[in-house]
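Comments concern the structure below.
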Amino acid sequence: MALVTLGINHRTAPVELRERVAFTPERMAEAFAELRAMCGASEAAILSTCNRTELYIAGDDQCAPILLRWLAGFHDLDAAELEPALYLHRDGDAVRHMMRVAAGLDSMVLGEPQILGQLKDAYALAREHGASGTFLSRLFEHTFSVAKRVRTQTAIGENPVSVAYAAVSMAHHIFADMSRNRALLIGAGKTIELVARHLADAGVKDFLVANRTLERAQALAESRGGRGILLSEIPDHLQDVDIIISSTASPLPILGKGAVERALKKRKHRPYFMVDIAVPRDIEPEVSSLADVYLYTVDDLRQVIEENIRSREGAAHEAENLVAGGVQDFLSQLRALDAVSILKQFRQRVETLRDLETEKALRALRNGNDPETVLRSLARGLTNKFLHEPSIQVRKATTEGRSEVTEWLRELHQLDVQDADATTPEKL
(Lines give C-alpha, C1' and ligand atoms only; values in the text may rest on other atoms or scores of the structure.)
Protein backbone atom coordinates (compact mmCIF):
# COMPACT_ATOMS: atom_id res chain seq x y z
CA MET A 1 0.00 0.00 0.00
CA ALA A 2 1.39 3.42 -0.99
CA LEU A 3 1.51 6.36 1.40
CA VAL A 4 1.09 9.88 0.00
CA THR A 5 1.24 13.17 1.92
CA LEU A 6 0.11 16.41 0.27
CA GLY A 7 0.42 19.63 2.22
CA ILE A 8 0.94 23.34 2.59
CA ASN A 9 2.64 25.05 5.54
CA HIS A 10 4.18 28.24 6.91
CA ARG A 11 7.31 27.73 4.81
CA THR A 12 5.52 27.36 1.49
CA ALA A 13 2.64 29.84 1.79
CA PRO A 14 1.63 33.02 3.64
CA VAL A 15 -1.27 33.08 6.06
CA GLU A 16 -3.50 34.63 3.36
CA LEU A 17 -3.31 31.37 1.39
CA ARG A 18 -3.11 28.97 4.34
CA GLU A 19 -6.35 30.25 5.79
CA ARG A 20 -8.12 29.51 2.52
CA VAL A 21 -7.24 25.80 2.66
CA ALA A 22 -7.92 25.31 6.37
CA PHE A 23 -10.61 22.73 7.22
CA THR A 24 -13.27 23.83 9.69
CA PRO A 25 -14.66 21.23 12.13
CA GLU A 26 -18.12 21.63 10.58
CA ARG A 27 -16.91 20.40 7.17
CA MET A 28 -14.70 17.50 8.27
CA ALA A 29 -17.32 14.80 7.69
CA GLU A 30 -17.96 16.14 4.20
CA ALA A 31 -14.21 16.30 3.53
CA PHE A 32 -13.57 12.70 4.55
CA ALA A 33 -16.47 11.40 2.48
CA GLU A 34 -15.37 13.27 -0.66
CA LEU A 35 -11.70 12.58 -0.18
CA ARG A 36 -12.08 8.82 -0.01
CA ALA A 37 -14.66 8.67 -2.78
CA MET A 38 -12.83 10.87 -5.31
CA CYS A 39 -9.25 9.81 -4.63
CA GLY A 40 -9.83 6.11 -4.11
CA ALA A 41 -8.08 6.37 -0.76
CA SER A 42 -8.52 3.25 1.35
CA GLU A 43 -7.39 5.26 4.40
CA ALA A 44 -7.12 9.01 5.00
CA ALA A 45 -6.36 11.61 7.68
CA ILE A 46 -6.47 15.42 7.65
CA LEU A 47 -4.27 17.71 9.75
CA SER A 48 -5.37 21.35 9.76
CA THR A 49 -3.67 23.89 12.05
CA CYS A 50 -2.74 27.58 11.91
CA ASN A 51 0.58 26.69 10.29
CA ARG A 52 -0.27 23.75 8.03
CA THR A 53 -2.89 21.73 6.22
CA GLU A 54 -1.85 18.18 5.30
CA LEU A 55 -3.57 15.15 3.80
CA TYR A 56 -2.27 11.68 4.65
CA ILE A 57 -3.48 9.08 2.17
CA ALA A 58 -2.90 5.33 2.11
CA GLY A 59 -3.94 3.79 -1.19
CA ASP A 60 -3.22 4.45 -4.84
CA ASP A 61 0.28 5.78 -5.52
CA GLN A 62 -1.02 7.76 -8.51
CA CYS A 63 -3.60 9.77 -6.57
CA ALA A 64 -1.49 12.95 -6.12
CA PRO A 65 -2.94 14.93 -9.08
CA ILE A 66 -6.45 13.99 -7.97
CA LEU A 67 -5.65 15.12 -4.43
CA LEU A 68 -4.49 18.50 -5.69
CA ARG A 69 -7.63 19.07 -7.74
CA TRP A 70 -9.84 17.89 -4.89
CA LEU A 71 -8.14 20.13 -2.29
CA ALA A 72 -8.43 23.17 -4.56
CA GLY A 73 -12.03 22.41 -5.49
CA PHE A 74 -13.13 21.76 -1.92
CA HIS A 75 -11.95 25.25 -0.94
CA ASP A 76 -13.09 26.97 -4.16
CA LEU A 77 -9.52 27.68 -5.27
CA ASP A 78 -7.83 27.54 -8.65
CA ALA A 79 -5.50 24.51 -8.68
CA ALA A 80 -2.89 26.56 -10.57
CA GLU A 81 -2.86 29.08 -7.70
CA LEU A 82 -2.48 26.41 -5.03
CA GLU A 83 0.00 24.06 -6.70
CA PRO A 84 3.19 26.18 -6.26
CA ALA A 85 2.68 26.23 -2.49
CA LEU A 86 2.15 22.47 -2.12
CA TYR A 87 4.65 19.76 -1.25
CA LEU A 88 4.28 16.05 -1.90
CA HIS A 89 5.91 13.15 -0.06
CA ARG A 90 5.62 9.45 -0.85
CA ASP A 91 6.23 6.26 1.14
CA GLY A 92 9.44 6.51 3.20
CA ASP A 93 9.68 10.27 2.72
CA ALA A 94 6.05 10.61 3.83
CA VAL A 95 6.79 8.55 6.96
CA ARG A 96 9.80 10.73 7.75
CA HIS A 97 7.77 13.92 7.20
CA MET A 98 5.03 12.84 9.61
CA MET A 99 7.56 11.95 12.30
CA ARG A 100 9.38 15.29 11.88
CA VAL A 101 6.05 17.10 12.17
CA ALA A 102 5.13 15.18 15.34
CA ALA A 103 8.53 15.91 16.89
CA GLY A 104 8.20 19.64 16.19
CA LEU A 105 11.11 19.61 13.73
CA ASP A 106 9.00 21.04 10.90
CA SER A 107 7.24 23.68 13.01
CA MET A 108 7.67 27.44 12.90
CA VAL A 109 8.75 27.05 16.52
CA LEU A 110 11.39 24.33 16.55
CA GLY A 111 10.39 21.61 18.98
CA GLU A 112 7.03 23.14 19.98
CA PRO A 113 4.85 20.52 21.68
CA GLN A 114 1.37 21.60 20.53
CA ILE A 115 1.70 19.99 17.10
CA LEU A 116 1.90 16.50 18.63
CA GLY A 117 -1.47 17.03 20.31
CA GLN A 118 -2.89 18.38 17.05
CA LEU A 119 -1.63 15.31 15.20
CA LYS A 120 -3.23 13.06 17.81
CA ASP A 121 -6.49 14.96 17.32
CA ALA A 122 -6.22 14.43 13.54
CA TYR A 123 -5.76 10.70 14.09
CA ALA A 124 -8.73 10.57 16.47
CA LEU A 125 -10.86 12.45 13.94
CA ALA A 126 -9.90 10.05 11.14
CA ARG A 127 -10.87 7.11 13.35
CA GLU A 128 -14.13 8.81 14.33
CA HIS A 129 -15.07 9.09 10.65
CA GLY A 130 -13.96 5.53 9.85
CA ALA A 131 -11.16 6.76 7.60
CA SER A 132 -8.16 5.30 9.44
CA GLY A 133 -7.47 1.60 8.94
CA THR A 134 -4.65 -0.76 9.90
CA PHE A 135 -1.94 1.00 7.90
CA LEU A 136 -2.48 4.58 9.11
CA SER A 137 -3.19 3.40 12.65
CA ARG A 138 0.15 1.60 12.71
CA LEU A 139 1.89 4.68 11.26
CA PHE A 140 0.32 7.16 13.70
CA GLU A 141 1.01 4.99 16.75
CA HIS A 142 4.64 4.49 15.72
CA THR A 143 4.98 8.22 15.02
CA PHE A 144 3.68 9.10 18.49
CA SER A 145 6.19 6.68 20.00
CA VAL A 146 9.08 8.33 18.11
CA ALA A 147 7.89 11.81 19.13
CA LYS A 148 7.81 10.70 22.76
CA ARG A 149 11.40 9.48 22.51
CA VAL A 150 12.41 12.85 21.06
CA ARG A 151 10.73 14.62 23.99
CA THR A 152 12.27 12.42 26.67
CA GLN A 153 15.75 11.82 25.19
CA THR A 154 16.62 15.30 23.86
CA ALA A 155 16.47 18.86 25.20
CA ILE A 156 14.45 20.12 22.23
CA GLY A 157 11.45 21.02 24.38
CA GLU A 158 13.17 22.43 27.46
CA ASN A 159 12.73 26.16 26.79
CA PRO A 160 9.19 27.64 26.57
CA VAL A 161 9.30 28.53 22.88
CA SER A 162 5.91 28.41 21.15
CA VAL A 163 3.58 30.60 19.15
CA ALA A 164 1.80 31.42 22.41
CA TYR A 165 5.08 32.25 24.15
CA ALA A 166 6.22 34.38 21.20
CA ALA A 167 2.93 36.31 21.24
CA VAL A 168 3.34 37.18 24.90
CA SER A 169 7.01 38.06 24.39
CA MET A 170 6.02 40.57 21.69
CA ALA A 171 3.61 42.22 24.11
CA HIS A 172 6.64 43.32 26.14
CA HIS A 173 7.63 45.57 23.23
CA ILE A 174 4.44 47.56 23.82
CA PHE A 175 3.89 47.24 27.57
CA ALA A 176 6.87 47.35 29.93
CA ASP A 177 4.86 46.45 33.04
CA MET A 178 2.15 43.98 32.03
CA SER A 179 0.74 43.73 35.51
CA ARG A 180 -1.16 46.94 34.74
CA ASN A 181 -2.78 45.57 31.58
CA ARG A 182 -6.01 43.70 31.04
CA ALA A 183 -6.10 40.87 28.52
CA LEU A 184 -8.92 39.61 26.31
CA LEU A 185 -8.40 36.08 25.04
CA ILE A 186 -10.70 34.94 22.25
CA GLY A 187 -11.20 31.19 22.14
CA ALA A 188 -10.78 28.50 24.79
CA GLY A 189 -8.65 25.86 23.11
CA LYS A 190 -5.18 24.56 23.99
CA THR A 191 -3.35 27.47 22.38
CA ILE A 192 -5.33 30.04 24.36
CA GLU A 193 -4.78 28.02 27.53
CA LEU A 194 -1.05 28.27 26.88
CA VAL A 195 -1.33 32.00 26.14
CA ALA A 196 -3.15 32.52 29.46
CA ARG A 197 -0.39 30.69 31.31
CA HIS A 198 2.38 32.77 29.71
CA LEU A 199 0.47 36.02 30.31
CA ALA A 200 0.02 35.11 33.95
CA ASP A 201 3.76 34.35 34.21
CA ALA A 202 4.42 37.80 32.67
CA GLY A 203 2.39 39.48 35.38
CA VAL A 204 -1.06 39.89 33.83
CA LYS A 205 -3.71 39.49 36.53
CA ASP A 206 -6.89 40.66 34.83
CA PHE A 207 -8.33 38.28 32.22
CA LEU A 208 -11.40 38.10 30.04
CA VAL A 209 -11.96 34.95 28.00
CA ALA A 210 -14.52 35.09 25.18
CA ASN A 211 -15.82 31.93 23.60
CA ARG A 212 -18.81 30.62 21.67
CA THR A 213 -19.60 28.37 24.65
CA LEU A 214 -19.81 30.30 27.90
CA GLU A 215 -19.06 27.29 30.11
CA ARG A 216 -15.65 26.72 28.48
CA ALA A 217 -14.83 30.42 28.63
CA GLN A 218 -15.67 30.54 32.34
CA ALA A 219 -13.68 27.39 33.12
CA LEU A 220 -10.51 28.78 31.52
CA ALA A 221 -10.96 32.32 32.85
CA GLU A 222 -11.63 31.22 36.42
CA SER A 223 -8.47 29.10 36.43
CA ARG A 224 -6.59 32.42 36.05
CA GLY A 225 -8.84 34.52 38.24
CA GLY A 226 -10.66 36.06 35.28
CA ARG A 227 -14.16 36.10 33.83
CA GLY A 228 -15.73 34.32 30.88
CA ILE A 229 -17.98 36.02 28.32
CA LEU A 230 -19.68 35.10 25.05
CA LEU A 231 -18.25 36.16 21.69
CA SER A 232 -21.26 38.43 21.20
CA GLU A 233 -20.24 40.41 24.31
CA ILE A 234 -16.79 41.36 23.01
CA PRO A 235 -17.77 44.87 21.72
CA ASP A 236 -19.01 45.78 25.22
CA HIS A 237 -15.57 45.12 26.74
CA LEU A 238 -13.16 46.23 24.01
CA GLN A 239 -12.49 49.67 25.46
CA ASP A 240 -11.37 48.18 28.78
CA VAL A 241 -8.69 45.75 27.53
CA ASP A 242 -5.15 46.38 26.29
CA ILE A 243 -4.03 42.97 25.05
CA ILE A 244 -6.12 40.90 22.64
CA ILE A 245 -4.96 37.44 21.55
CA SER A 246 -7.26 35.30 19.46
CA SER A 247 -7.22 31.66 18.35
CA THR A 248 -10.51 30.06 17.32
CA ALA A 249 -11.70 27.76 14.54
CA SER A 250 -14.18 30.31 13.22
CA PRO A 251 -14.41 30.41 9.41
CA LEU A 252 -15.19 34.16 9.54
CA PRO A 253 -13.57 37.11 11.39
CA ILE A 254 -14.81 37.66 14.94
CA LEU A 255 -13.40 41.14 15.53
CA GLY A 256 -13.98 43.80 12.87
CA LYS A 257 -12.50 47.21 12.13
CA GLY A 258 -15.71 49.06 13.06
CA ALA A 259 -15.87 47.63 16.58
CA VAL A 260 -12.21 48.48 17.21
CA GLU A 261 -12.68 52.03 15.86
CA ARG A 262 -15.55 52.66 18.25
CA ALA A 263 -13.53 51.36 21.20
CA LEU A 264 -10.48 53.46 20.26
CA LYS A 265 -12.50 56.69 20.50
CA LYS A 266 -13.08 55.95 24.19
CA ARG A 267 -9.48 54.90 24.99
CA LYS A 268 -7.79 58.33 24.56
CA HIS A 269 -4.85 56.98 22.52
CA ARG A 270 -4.07 54.08 24.80
CA PRO A 271 -2.58 51.45 22.45
CA TYR A 272 -3.92 48.02 21.64
CA PHE A 273 -1.66 45.00 21.28
CA MET A 274 -3.34 42.29 19.22
CA VAL A 275 -2.13 38.90 18.00
CA ASP A 276 -4.28 36.84 15.66
CA ILE A 277 -2.99 33.27 15.86
CA ALA A 278 -6.00 31.80 14.06
CA VAL A 279 -6.08 30.47 10.49
CA PRO A 280 -8.52 31.56 9.02
CA ARG A 281 -7.92 34.88 10.79
CA ASP A 282 -10.20 36.02 13.62
CA ILE A 283 -9.36 39.74 13.34
CA GLU A 284 -10.04 41.65 10.13
CA PRO A 285 -6.69 42.60 8.51
CA GLU A 286 -7.97 46.19 8.07
CA VAL A 287 -7.70 46.67 11.85
CA SER A 288 -3.93 47.04 11.40
CA SER A 289 -4.47 50.35 9.56
CA LEU A 290 -5.89 52.01 12.69
CA ALA A 291 -3.74 54.34 14.77
CA ASP A 292 -2.65 53.02 18.18
CA VAL A 293 -3.26 49.41 17.11
CA TYR A 294 -0.39 46.93 16.89
CA LEU A 295 -1.81 43.89 15.12
CA TYR A 296 0.30 40.82 14.42
CA THR A 297 -0.54 37.56 12.67
CA VAL A 298 1.03 34.18 13.26
CA ASP A 299 3.53 34.92 10.48
CA ASP A 300 4.70 38.12 12.21
CA LEU A 301 5.87 36.09 15.18
CA ARG A 302 8.62 34.47 13.11
CA GLN A 303 11.40 36.88 14.17
CA VAL A 304 10.72 36.42 17.87
CA ILE A 305 10.58 32.69 17.39
CA GLU A 306 13.81 32.50 15.42
CA GLU A 307 15.68 34.30 18.21
CA ASN A 308 14.71 31.47 20.56
CA ILE A 309 15.40 28.62 18.16
CA ARG A 310 19.19 28.72 18.46
CA SER A 311 19.11 27.13 21.91
CA ARG A 312 17.34 24.11 20.42
CA GLU A 313 19.49 23.52 17.36
CA GLY A 314 21.86 21.06 19.02
CA ALA A 315 18.95 19.06 20.38
CA ALA A 316 17.34 19.16 16.92
CA HIS A 317 20.30 17.25 15.47
CA GLU A 318 19.79 14.50 18.06
CA ALA A 319 16.07 14.53 17.32
CA GLU A 320 16.69 14.11 13.58
CA ASN A 321 18.75 10.99 14.33
CA LEU A 322 15.93 9.57 16.44
CA VAL A 323 13.47 10.28 13.63
CA ALA A 324 15.75 8.58 11.09
CA GLY A 325 15.89 5.52 13.32
CA GLY A 326 12.12 5.60 13.76
CA VAL A 327 11.59 5.70 9.99
CA GLN A 328 13.85 2.69 9.46
CA ASP A 329 12.09 0.79 12.26
CA PHE A 330 8.67 1.45 10.73
CA LEU A 331 9.76 0.49 7.19
CA SER A 332 11.37 -2.68 8.56
CA GLN A 333 8.09 -3.55 10.26
CA LEU A 334 6.24 -3.05 6.97
CA ARG A 335 8.72 -5.28 5.12
CA ALA A 336 8.34 -7.91 7.81
CA LEU A 337 4.56 -7.76 7.43
CA ASP A 338 4.92 -8.14 3.66
CA ALA A 339 7.12 -11.20 4.23
CA VAL A 340 4.54 -12.70 6.58
CA SER A 341 1.83 -12.24 3.95
CA ILE A 342 3.93 -13.83 1.19
CA LEU A 343 5.02 -16.70 3.42
CA LYS A 344 1.39 -17.34 4.36
CA GLN A 345 0.42 -17.58 0.68
CA PHE A 346 3.43 -19.78 -0.03
CA ARG A 347 2.58 -22.15 2.81
CA GLN A 348 -1.07 -22.36 1.71
CA ARG A 349 -0.02 -23.29 -1.82
CA VAL A 350 2.45 -25.95 -0.62
CA GLU A 351 -0.11 -27.40 1.76
CA THR A 352 -2.66 -27.60 -1.08
CA LEU A 353 -0.16 -29.50 -3.25
CA ARG A 354 0.70 -31.77 -0.30
CA ASP A 355 -2.96 -32.59 0.34
CA LEU A 356 -3.57 -33.42 -3.33
CA GLU A 357 -0.58 -35.79 -3.49
CA THR A 358 -1.43 -37.34 -0.12
CA GLU A 359 -5.00 -38.03 -1.23
CA LYS A 360 -3.69 -39.63 -4.43
CA ALA A 361 -1.38 -41.89 -2.36
CA LEU A 362 -4.17 -42.87 0.02
CA ARG A 363 -6.40 -43.88 -2.91
CA ALA A 364 -3.57 -46.05 -4.26
CA LEU A 365 -3.16 -47.73 -0.90
CA ARG A 366 -6.92 -48.35 -0.61
CA ASN A 367 -6.78 -49.98 -4.04
CA GLY A 368 -4.14 -52.44 -2.75
CA ASN A 369 -1.04 -50.99 -4.46
CA ASP A 370 2.38 -51.81 -3.06
CA PRO A 371 3.07 -49.41 -0.13
CA GLU A 372 6.74 -48.90 -1.03
CA THR A 373 5.81 -48.01 -4.61
CA VAL A 374 3.11 -45.65 -3.36
CA LEU A 375 5.54 -43.89 -0.98
CA ARG A 376 8.18 -43.46 -3.68
CA SER A 377 5.51 -42.12 -6.04
CA LEU A 378 4.29 -39.72 -3.33
CA ALA A 379 7.80 -38.39 -2.71
CA ARG A 380 8.46 -38.00 -6.42
CA GLY A 381 5.11 -36.31 -6.97
CA LEU A 382 5.65 -33.85 -4.10
CA THR A 383 9.14 -32.99 -5.37
CA ASN A 384 7.92 -32.39 -8.90
CA LYS A 385 4.94 -30.32 -7.81
CA PHE A 386 6.98 -28.20 -5.39
CA LEU A 387 9.77 -27.50 -7.88
CA HIS A 388 7.83 -27.20 -11.14
CA GLU A 389 6.74 -23.55 -11.03
CA PRO A 390 9.90 -22.24 -9.28
CA SER A 391 12.07 -24.01 -11.89
CA ILE A 392 10.14 -22.39 -14.73
CA GLN A 393 10.47 -18.94 -13.19
CA VAL A 394 14.22 -19.34 -12.45
CA ARG A 395 14.90 -20.41 -16.07
CA LYS A 396 12.83 -17.48 -17.35
CA ALA A 397 14.66 -14.99 -15.10
CA THR A 398 18.06 -16.35 -16.18
CA THR A 399 17.09 -16.05 -19.85
CA GLU A 400 16.09 -12.43 -19.23
CA GLY A 401 19.42 -11.69 -17.56
CA ARG A 402 17.99 -11.37 -14.02
CA SER A 403 20.83 -13.22 -12.33
CA GLU A 404 19.76 -11.96 -8.89
CA VAL A 405 16.97 -14.57 -8.89
CA THR A 406 19.48 -17.45 -8.93
CA GLU A 407 21.44 -15.70 -6.18
CA TRP A 408 18.29 -15.46 -4.08
CA LEU A 409 17.69 -19.17 -4.70
CA ARG A 410 21.19 -20.02 -3.48
CA GLU A 411 20.69 -17.83 -0.41
CA LEU A 412 17.25 -19.23 0.40
CA HIS A 413 18.39 -22.85 0.22
CA GLN A 414 22.00 -22.36 1.35
CA LEU A 415 23.31 -23.87 -1.88
CA ASP A 416 27.07 -24.21 -2.30
CA VAL A 417 28.22 -23.17 -5.80
CA GLN A 418 31.21 -25.55 -5.82
CA ASP A 419 29.09 -28.52 -4.79
CA ALA A 420 26.58 -27.66 -7.50
CA ASP A 421 29.31 -27.40 -10.14
CA ALA A 422 30.81 -30.72 -9.04
CA THR A 423 27.51 -32.54 -9.40
CA THR A 424 27.46 -34.59 -12.61
CA PRO A 425 24.36 -35.68 -14.54
CA GLU A 426 25.08 -39.28 -13.57
CA LYS A 427 24.62 -38.39 -9.89
CA LEU A 428 21.30 -36.68 -10.40
Side-chain angles (χ1 to χ4, degrees), residues 50 114 160 162-288 290 292-298 300-301:
C50 61
Q114 282 72 39
S162 65
V163 170
Y165 180 81
V168 175
S169 296
M170 288 190 76
H172 281 295
H173 293 291
I174 312 299
F175 306 111
D177 182 3
M178 295 176 65
S179 65
R180 300 178 180 180
N181 302 117
R182 193 181 197 196
L184 167 63
L185 306 183
I186 304 176
K190 293 178 181 178
T191 299
I192 289 296
E193 287 181 20
L194 195 56
V195 167
R197 191 182 81 191
H198 289 310
L199 282 173
D201 291 342
V204 177
K205 300 180 177 64
D206 199 350
F207 286 90
L208 277 179
V209 178
N211 192 53
R212 182 175 58 182
T213 305
L214 184 58
E215 289 76 15
R216 291 195 63 184
Q218 289 174 333
L220 175 55
E222 289 170 4
S223 70
R224 298 292 172 185
R227 185 160 66 92
I229 62 173
L230 290 169
L231 295 179
S232 59
E233 297 178 71
I234 289 176
D236 299 331
H237 298 274
L238 274 183
Q239 69 184 68
D240 301 319
V241 300
D242 309 298
I243 299 168
I244 301 173
I245 301 179
S246 185
S247 179
T248 76
S250 173
L252 298 172
I254 290 172
L255 187 56
K257 181 182 178 183
V260 177
E261 277 183 313
R262 288 189 291 274
L264 279 170
K265 291 178 182 178
K266 303 174 184 178
R267 288 178 61 80
K268 299 179 181 179
H269 301 291
R270 284 188 295 125
Y272 272 129
F273 171 78
M274 302 182 183
V275 180
D276 189 352
I277 302 174
V279 177
R281 284 172 286 185
D282 287 336
I283 303 174
E284 287 184 350
E286 293 79 9
V287 170
S288 63
L290 298 174
D292 299 318
V293 173
Y294 299 88
L295 172 62
Y296 301 91
T297 70
V298 67
D300 295 321
L301 303 178

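Worth saying up front: this structure is predicted, and the values here are computed from it rather than measured.
Between the CG atom in Asp300 and the OH atom in Tyr294 there is a gap of 14.5 Å [rounded to 0.5 Å]. If you take NE2 on His198 and CD on Glu193, they are separated by 12.0 Å, rounding to the nearest 0.5 Å. With rounding to the nearest 0.5 Å, the separation of CD1 in Ile254 from OG1 in Thr248 is 3.5 Å. Separation of atoms NZ (Lys265) and CD (Glu261) is listed at 6.5 Å; rounding is to 0.5 Å. Taken from OG in Ser246 to CD1 in Ile192, the straight-line distance is 6.0 Å, to the nearest 0.5 Å.
In terms of heavy atoms, Val204 sits closest to Ala183 at CG1-CB, 4.1 Å. Closest non-hydrogen pair, Asn181 versus Asp177, comes out as OD1-O, 3.4 Å. Between Gly256 and Val287, the shortest heavy-atom contact is C-CG2, 4.0 Å. Closest approach of Ala164 to Val195, counting heavy atoms only: CB-CG2, 3.5 Å.
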Can I get a per-line list of side-chain donor-acceptor pairs under 3.5 Å for residues 214-235, giving both atom names and the distance, sequence neighbours left out?
unit_1: Arg216; atom_1: NH2; unit_2: Ala188; atom_2: O; d: 3.0
unit_1: Ser223; atom_1: OG; unit_2: Leu220; atom_2: O; d: 2.5
unit_1: Glu233; atom_1: OE2; unit_2: Leu230; atom_2: N; d: 3.0

List, one per line, each side-chain donor-acceptor pair under 3.5 Å for residues 268-280, sequence neighbours excluded.
unit_1: His269; atom_1: ND1; unit_2: Asp292; atom_2: OD2; d: 3.2
unit_1: Arg270; atom_1: NE; unit_2: Arg267; atom_2: O; d: 3.4
unit_1: Arg270; atom_1: NH1; unit_2: Asp242; atom_2: OD1; d: 3.2
unit_1: Arg270; atom_1: NH2; unit_2: Gln239; atom_2: O; d: 3.4
unit_1: Tyr272; atom_1: OH; unit_2: Leu238; atom_2: O; d: 2.5
unit_1: Asp276; atom_1: OD1; unit_2: Ala278; atom_2: N; d: 3.2
unit_1: Asp276; atom_1: OD1; unit_2: Asp282; atom_2: N; d: 3.2
unit_1: Asp276; atom_1: OD2; unit_2: Asp282; atom_2: N; d: 2.8
unit_1: Asp276; atom_1: OD2; unit_2: Ile283; atom_2: N; d: 2.8

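Summarising the local packing, CZ of Phe175 is surrounded by more than 12 heavy atoms from other residues, nucleotides or ligands at distances under 6.0 Å.
Residues passing the salt bridge (Lys or Arg N to Asp or Glu O under 4.0 Å) test with Asp206, sequence neighbours excluded: Arg182. Contacts of Ala202 classified as side-chain contact (heavy atoms from CB on, under 4.5 Å), with partners at least two apart in sequence or in another chain: Val168, His172, Met178. Shown here are the ring-ring contact (aromatic ring centres under 6.0 Å, His included) partners of Phe207, two or more places apart in sequence or in another chain: there are none. Among residues two or more places apart in sequence or in another chain, the salt bridge (Lys or Arg N to Asp or Glu O under 4.0 Å) test is passed with Arg262 by none. With sequence neighbours excluded, the residues forming a side-chain contact (heavy atoms from CB on, under 4.5 Å) with Glu286 are Lys257, Glu284, listed by chain and number.
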Checklist entry - Given Leu184 and His237, is the side chain to side chain contact (heavy atoms under 4.5 Å, CB included) satisfied, shown in steps? => result CA-CA 9 Å; Leu184 167 63; His237 298 274; 5.9 Å; no

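Within the structure, the salt bridge (Lys or Arg N to Asp or Glu O under 4.0 Å) test picks out no pair touching residues 166-175 (sequence neighbours left out).
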